[in-house]
There are 2 protein chains.
Amino acid sequence: MSTAATDTRAKLIESARDLFMIQGYHSTGISQILKRAEVNSGSLYYFFPTKEDLLLAVLEWYRDHIEDDLLAIHTAHVSDPVEKIFALLDGYRQMLHMFEFEMGCPIGNLALEVTNTHPAVRSLLLVNFEQWVDSVEGFLNEAADRFPEDLDRRALAVHILATMEGGVMLARTYRSLRVFDNAVNQLRDYIERLLIIGSTWSAPKSATKIEESI
Amino acid sequence: MSTAATDTRAKLIESARDLFMIQGYHSTGISQILKRAEVNSGSLYYFFPTKEDLLLAVLEWYRDHIEDDLLAIHTAHVSDPVEKIFALLDGYRQMLHMFEFEMGCPIGNLALEVTNTHPAVRSLLLVNFEQWVDSVEGFLNEAADRFPEDLDRRALAVHILATMEGGVMLARTYRSLRVFDNAVNQLRDYIERLLIIGSTWSAPKSATKIEESI
DNA sequence: GTCTATACAACGATAGAC
DNA sequence: GTCTATCGTTGTATAGAC
């Protein structure tokens, strides 16, 4: 693969990534991606036989860059592992602010838009979510001695992801950081309650179990 | 407006509502809506000049039915106000289960998909979110004497919405109720910690305030 | 209010020269 | 690998008779 080819491919992925993030997958036309990338139709279809293949490449890009380029930026300068988590959340806050609520979490957007209709895409969405959860779980593990012994740290990490995604969704709709800050604040309050030494943790059963799934 | 006309209009809104919920707004074609509603193109455009007008009508439908038809169903048989909240969340769990993760929260889906590009739609999304939060806040108010006096109950209600939306997003992507149950369980744990009499509540400041918005 | 037929643009995707 | 030209389909929306 020549350098020029790599450049073209990379430009297409970047352009598609940005447009999918702002407008979503279906609202973004191939022609729009071509114009932004300054690439011609023939080249795109040389690398990506279908639009879905391009989406897969975008999600592979996120998978390969989420750790170093997206998460570490916000957490590197923080030493306390629990504060690393909040620094990460603050990264999303900055994103919302910087792009005036036009951007939130790209994975979350795509998840709701294509997970029903594009099965091949779903597994890459999962990989991205899992990497995020792995990172947060890692931070929680670093601070394990400050939490109750019986705390399910992975479950808490998943919960933090859910809260972030929900907070981003509301912030984008309200076009206000207040709802996002609110979600983060409650999360911080919860975590501080967990941090109380000697506290015990027990996840209650959900209201009505229909059936245990998976 | 004749009865026949009302029927046609209602059929169109119902069909559009269902299809938007499963497939999203952009993935749903007018022709698909027409087929499902068994209505012809001319009739649709008689009632709704554009596709966006149909979307607005769908969101108005949710606005007018969310209270009695969607929320009350799940909470009516529960007496304890705090448990009403969890019964409500369980309603979403049932929905995820019943439709095999093809459906979650219709408002949340549409929020991420169209909030950037359809400003007129955004205010109706807000109305729906606000109604939901109002209901939950009402339940929290009913149980006010069991919570710390200084608890910001509306903020907690918003947080519950964010958690539900995030949990639904993850459940649909993972195609598993586990992640949803997880979010609800952590929420229950948090609320039980708040319920401890004599406990005080204080929302910490978010990590880095960029600027106070709105 | 409803019908059928159709306009017209945008869509994803392809062909074939270079 | 890249170019231009274009295919066939689907998209939203309209026209005009009834």
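Just so we're on the same page: letters track the sequence lines, and every chain starts at 1. This structure is a prediction, so every number in the text was calculated from the model and none was measured.
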If I take atom [atom1] in residue [X] and atom [atom2] in nucleotide [N], what distance separates them, rounded to the nearest angstrom?
X	N	atom1	atom2	answer
B:Y45	C:dG1	OH	C1'	17 Å
A:I30	C:dA13	CD1	C1'	8 Å
B:E52	D:dG11	CD	P	19 Å
A:L54	C:dA13	CG	P	10 Å
A:L55	C:dA13	CG	P	12 Å
A:L12	C:dG12	CG	P	14 Å
A:F47	C:dG12	CZ	P	19 Å
A:L44	C:dC11	CG	P	14 Å

What pair of heavy atoms forms the shortest contact from A:V121 to A:L56, and how long is it?
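Where A:V121 meets A:L56 most closely, the heavy atoms are CA-CD2, 3.8 Å.
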For the residue pair A:T75 and A:K84, what are the closest heavy atoms and their distance?
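Scanning both residues completely, I find the closest heavy atoms to be O-NZ, 3.2 Å.
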Determine the contact category for A:S27: base if any of its heavy atoms lies under 4.0 Å from a base atom, sugar-phosphate if only primed atoms, P, OP1 or OP2 are that close, otherwise nothing.
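Nothing: the residue A:S27, judged by heavy atoms under 4.0 Å, touches no strand.
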Among residues 31-42 of chain B, which ones have heavy-atom contacts with DNA chain C below 4.0 Å?
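B:N40, B:S41, B:G42 - these, ordered by number, are the residues of the stretch whose heavy atoms sit under 4.0 Å from the strand.
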In Å, rounded to the nearest 0.5 Å, how long is the span from CD1 of A:I107 to OG1 of B:T173?
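Here the interatomic distance stands at 10.0 Å.
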Begin from the C-alpha positions of A:Y62 and A:L124 and carry the test side-chain contact (heavy atoms from CB on, under 4.5 Å) through to its verdict.
CA-CA 9 Å; A:Y62 281 119; A:L124 270 169; over 6 Å; no
Report yes if at least one side-chain N or O of B:Y46 is closer than 4.0 Å to OP1 or OP2 of C:dT2; otherwise report no.
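False: B:Y46 side-chain N/O out of range (4.0 Å or more) of C:dT2 OP1/OP2.
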Between A:R153 and A:F147, is NZ or CZ placed under 6.0 angstrom from the six-membered ring centre and within 45° of the ring axis?
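No, cation not above the ring by the 6.0 Å, 45° rule.
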Could you note down all residue pairs passing side chain to side chain donor-acceptor pair (under 3.5 Å) where residues 114-126 of chain B supplies at least one of them, sequence neighbours left out?
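Found A:R172-B:N116.
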Test salt bridge (Lys or Arg N to Asp or Glu O under 4.0 Å) applied to A:R154 and A:E130, step by step:
CA-CA 10 Å; A:R154 185 160 192 89; A:E130 288 285 302; 2.9 Å; yes
B:S43 side-chain proximity, nearest of D:dT2, C:dC3, C:dA13
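For B:S43, the side-chain atoms sit closest to C:dC3.
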